[in-house]
Student: 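I have a structure I would like to understand better, so I am pasting it below and will then ask my questions one at a time.
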Amino acid sequence: MIDKFVRSAAEALDGVPDGATVLLAGFGDVGMAMTLLEGLIEQGARDLVLVCNSGGRDGSAVARLLTLGRVRKLVCSFVRPASDAGRLIAAGKLEFEVVPQGTLAERIRAAGAGIPAFYTPTAADTVLAEDREVREIGGRLCLLEYPLAGDLALVDAWEADRWGNLTYRDTQRNFNPIMAMAAKRTVAQTKHAVELGAIPPEHVMTSGIFVHHVLHVPD
Amino acid sequence: MIDKFVRSAAEALDGVPDGATVLLAGFGDVGMAMTLLEGLIEQGARDLVLVCNSGGRDGSAVARLLTLGRVRKLVCSFVRPASDAGRLIAAGKLEFEVVPQGTLAERIRAAGAGIPAFYTPTAADTVLAEDREVREIGGRLCLLEYPLAGDLALVDAWEADRWGNLTYRDTQRNFNPIMAMAAKRTVAQTKHAVELGAIPPEHVMTSGIFVHHVLHVPD
Amino acid sequence: MADSFIPLDRDGMAARAARDIPEGWVVNLGIGIPTEVANFIPADREVIIHSENGVIGAGPAPAPEAVNPYLVNAGTQPITLVRGAAYVHHADSFAIARGGHLDLTVLGAFEVSETGDIANWARAAHEPVAQIGGAMDLAIGAKRLWVIMEHTTKEGGSRLRRQCSYPLTAKGTVKRVFTNLAVLDVTPRGFVVRDIIPGLSFEDLQARTEAVLYRD
Amino acid sequence: MADSFIPLDRDGMAARAARDIPEGWVVNLGIGIPTEVANFIPADREVIIHSENGVIGAGPAPAPEAVNPYLVNAGTQPITLVRGAAYVHHADSFAIARGGHLDLTVLGAFEVSETGDIANWARAAHEPVAQIGGAMDLAIGAKRLWVIMEHTTKEGGSRLRRQCSYPLTAKGTVKRVFTNLAVLDVTPRGFVVRDIIPGLSFEDLQARTEAVLYRD
């Protein structure tokens, strides 16, 4: 019987190695797997590459992971200069790759979809294209982009069953479905654990085939 | 008030020009907008480029459109030699571009997503890659592919509201969501017309922003 | 006479932009004043607000006691939904932006050039820290891009320029600019003035603008 | 002695392949004999069947009176779902195939080469009409590709070859071949025989095979 439920974040994150690339979903705090992120802080892996939408607010779990010096490189679309992440970057203590948000999403999607590279007009006319491969397609300058795959994805769900089928509530969805597909190991925390079959097949938002471990985190 | 419902296939398809590229969803008959396809046959546009998964069975509406000589070029993944489509192609009366099914889906998706080109390993090692641009990425040969956009998409839905929000039933879904996003003009036929708001926001499968006209076709 | 006009405030600029949005448009409103445009669209005019964190059909802010912590907009502010709304994931949300499915994007900016370039994310080309978010995708993808911004900087410098002095967000994509002094279209000739606030002359407006202005 | 063996029939080949599929795998089964593999997976072994028209968790064929015309597999045959199933659209379905999310794909073929090339869609390089479907995507994307086919053609020609004589579906991706005579793994050395049907010797098998065979 397939049963992906684990009893603790420690069990879900056992063996995450130093140097891992971690895909962390969420837009602000919404849709961010807080218990798993705390678990990753506990777990101790270092030298991480963290892929998420933003550098986080001061006091947030993301900021804590960063200020603990556990992240070598941050890949995201948005960092406030006046934030822990911003200060670490400005001080040269954190590598930083800024990626426009749509390109970030599409690169993650490409990793999950087996697309080895794609072109996009986004940022092709900007300083972000400096020293990078561009190409005119249909009269429009485009930038070549590569997938962003994770060793680990941390996903925040509303419901999950033992196969790892997931639903999301409202804008909790954001990066979760595409990150779930883009990592070698996808761990989901869920508010509600439901029976297999309780989620109608039309309404599954992330299929369990993308999910390796599920942690039930009720209120 | 936004109201995309039309009273007839003729109204929905008014003005489709000769030479139009038509995206026709469906896998076999499932998820194919039969009333709209019949409407297109009635409407009379010629010299069409038809993009759909297969060349259709003899006696089908697709085969009829083809044998009426209304299609200049067929773009699909699968044609039986012993079929109307197969005989027209073999006789040189129908141009034919064969596209692996996953690449077909991804090219349509790229058109809707504003991706001007992408690489895929699919078919890169095959005769389909002859005289085409290939590139090694990560040690793997990949083929450059371009979007497949439509002037018109014909979509088959289960439910629709006046904004054009759609749901699909079971495997009716197939190419419908991606084709709906990939055309200048998307026309949906729906089994059920529902009130705006009747489809929960989590369960809308194609947003009305991609849909231009809806025709209610109950049994 | 130069003191006899009253520049529009934030609400005034948002209201002026809202006037130009017809029923049925799908619109993304950037962070800041653009977000406030939604407050000035008449309730009976159906305009569909896209928020790039995955909302199609965003509604107004909820009453404080009715906040749903799972439902925010691109500024992470609590919102509501309108009837007919839908959710999508982030890749689909930016497929909407990049794929040309937005009738309109409205962004704030530091500068706009007379060729429609927009600069709205950095004040120096190679700042170590960058706040780009979704602006570059939104700026290149919509059918039309409008900008709302003060006509001049606090120091009186013109934000409407021959060329942007700040790093670009996108090139040649701005179609219309709403400032606290005027409404201007970006045309092949350059900025064409469509509207000036009462009490300000075309010449007064030109005096406050680096780029050359053309009459409608 | 060469007549003392009984080659596997279609069911026999499907059953043999099913034996090697462990619980928890996500599997795509091609049209033809591969589809029948599902019939031989024990009911208590949870294997998740993907069908490229958008099903994750396909179940067996329904009773004739219970056919749901909206629910078909990649062969457009009516199917049922298992508990825990989900639907996706075509682009997501092939993201599963191309993106490496299938533990296994099982396809039929005309030929397989000793380097794992597969030819299963055409008998001449430039036939005007082509029946490719999803085979090329499935053949390049899965974690492992198995093939089920007769060991020889009706004329007795070997389907296990040094090089494929037909146009390729994909290059170097086949890992295991189930024929009516044997089970063979594609290894860096070439075909290694894992299993031969009773009554047939290694030498007899080699005599029916163009490619060089290696013992396990």
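Per chain, numbering begins at 1; letters A, B, ... match sequence-line order. From a predicted model like this one, the values you see are computed outputs, not experimental measurements. Any value given below was found using the heavy atoms of this structure, including those in side chains, with hydrogens, waters and symmetry copies removed.
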Student: Kindly give the heavy-atom pair with the smallest separation between C/G84 and B/L196, and that separation in Å.
Tutor: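 Minimum heavy-atom contact is CA-CD1, 3.6 Å.
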Student: Taking the side chain as every heavy atom from C-beta outward, state whether C/D103 and B/I209 have any atom pair closer than 4.5 Å.
Tutor: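 When only atoms from C-beta onward are counted, B/I209 and C/D103 do not touch, as no gap falls below 4.5 Å.
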Student: Flag yes if more than 12 heavy atoms outside B/D29 fall under 6.0 Å of its CG atom; otherwise flag no.
Tutor: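 Result for CG/B/D29: open.
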Student: Is the shortest heavy-atom distance from the side chain of C/R45 to the side chain of B/M1 under 4.5 Å?
Tutor: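 Not in contact.
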Student: Just checking B/E38: does its CD atom have more than 12 heavy atoms from other residues, nucleotides or ligands closer to it than 6.0 angstrom?
Tutor: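 Result for CD/B/E38: enclosed.
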Student: About how many Å separate OG1 of B/T206 and CG of C/D92, when rounded to the nearest 0.5 Å?
Tutor: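 So the gap between those two atoms works out to 9.5 Å.
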Student: So do C/I96 and B/F210 actually touch side chain to side chain, heavy atoms under 4.5 Å?
Tutor: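 Answer yes - side chains close enough.
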Student: Test C/I56 against B/W163 for side-chain contact (heavy atoms from CB on, under 4.5 Å), laying out the working first.
Tutor: CA-CA 12 Å; C/I56 306 168; B/W163 279 15; over 6 Å; no
Student: Should we count CD of B/E130 as having more than 12 external heavy atoms under 6.0 Å?
Tutor: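 Check passes, neighbour count above 12.
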Student: At their closest point, which heavy atom of B/I115 faces which heavy atom of C/R98, and how far apart are they?
Tutor: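 Heavy atoms only, the tightest pair is CD1-NE, 3.6 Å.
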Student: Using a 6.0 Å cut-off, check whether atom CZ of C/R189 has over 12 heavy atoms from anything other than its own residue.
Tutor: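 It does: C/R189 CZ has more than 12 such atoms within range.
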Student: Are there over 12 heavy-atom neighbours, none belonging to B/E11, within less than 6.0 Å of that residue's CD?
Tutor: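 Above 12, so yes.
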Student: Can you confirm whether C/K171 is buried at NZ, in the sense that more than 12 heavy atoms of other residues, nucleotides or ligands lie under 6.0 Å from that atom?
Tutor: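 Open: at most 12 neighbouring heavy atoms sit under 6.0 Å from NZ of C/K171.
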Student: Would you mind checking which part of C/V88 comes under 4.5 Å of any heavy atom in chain B, side chain (CB onward), backbone (N, CA, C, O), both or neither?
Tutor: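 Neither part.
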Student: Using non-hydrogen atoms and a 4.5 Å limit, figure out which bit of B/M181 sits close to chain C: side chain, backbone, both or neither.
Tutor: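 For B/M181, the contact with chain C is made by backbone and side chain together.
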Student: Output the distance between atom CZ (C/R83) and atom CG (B/D161), rounded to the nearest 0.5 Å.
Tutor: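 If we round to the nearest 0.5 Å, C/R83:CZ and B/D161:CG are 9.5 Å apart.
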Student: Can you tell which of B/G208, B/S207, B/G112 has the highest number of heavy-atom pairs within less than 4.5 Å of chain C?
Tutor: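 So the answer, after comparing B/G208, B/S207, B/G112, is B/G112.
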